[in-house]
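Computed over heavy atoms, backbone and side chain alike; hydrogens, waters and symmetry mates excluded. What you are looking at is a predicted structure, and each value in this text was computed from that prediction instead of being measured.
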Amino acid sequence: GIYSLNLSKNTWNIKKLISGPCYSLIKYDGGYAYSMSEQGLIICDKKFKTKKIFKINSSLRAHGVSFSQKYKSFLSLNNYR
């Protein structure tokens, strides 16, 4: 999942934002991009509201995500294939 953690001296607050196995959260276009093996590459705003989903075959197990400014493309590290 993806969690928000707020720290203040000796106290903290944890809030779950996204449930499920999430990988490789990056900043992108004023929000974020992250991968989930079951859903693909998810683009969301800064409050984690989904804007777009790019499907990735779940058998590839997408774990890493990066964005190339040069090629204006996402790159994904996949296990198994």
Asks: Do I14 and K16 have side chains that get closer than 4.5 Å, going by heavy atoms?
Replies: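 No, every pair of side-chain atoms sits at 4.5 Å or beyond.
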Asks: Is the closest side-chain heavy-atom distance between L75 and F67 below 4.5 Å?
Replies: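 No; the side chains remain at least 4.5 Å from each other.
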Asks: To the nearest 0.5 Å, tell me how far I2 CD1 sits from S4 OG.
Replies: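 Here the interatomic distance stands at 11.0 Å.
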Asks: Going by side chain to side chain contact (heavy atoms under 4.5 Å, CB included), name the residues that satisfy it together with T11, two or more places apart in sequence or in a different chain.
Replies: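 By the side chain to side chain contact (heavy atoms under 4.5 Å, CB included) rule, T11 matches S8.
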Asks: Scan the side chains in residues 38-56 for donor-acceptor partners under 3.5 Å anywhere in the protein, sequence neighbours excluded, and list what turns up.
Replies:
| from | atom 1 | to | atom 2 | distance (Å) |
| --- | --- | --- | --- | --- |
| D45 | OD1 | K47 | N | 2.9 |
| D45 | OD1 | F48 | N | 3.0 |
| D45 | OD1 | K49 | N | 2.8 |

Asks: Would you mind writing out the side-chain donor-acceptor pairs for residues 20-35 within the sub-3.5 Å range, not counting sequence neighbours?
Replies:
| from | atom 1 | to | atom 2 | distance (Å) |
| --- | --- | --- | --- | --- |
| S24 | OG | V65 | N | 2.7 |
| S24 | OG | V65 | O | 3.2 |
| S35 | OG | Y23 | O | 3.3 |
| S35 | OG | A62 | O | 3.3 |

Asks: I'd like to know if the side chain of S59 reaches the main chain of N57, judged simply by a donor and an acceptor atom lying under 3.5 Å from each other, with no hydrogens or angles considered.
Replies: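 Checked: no pair found.
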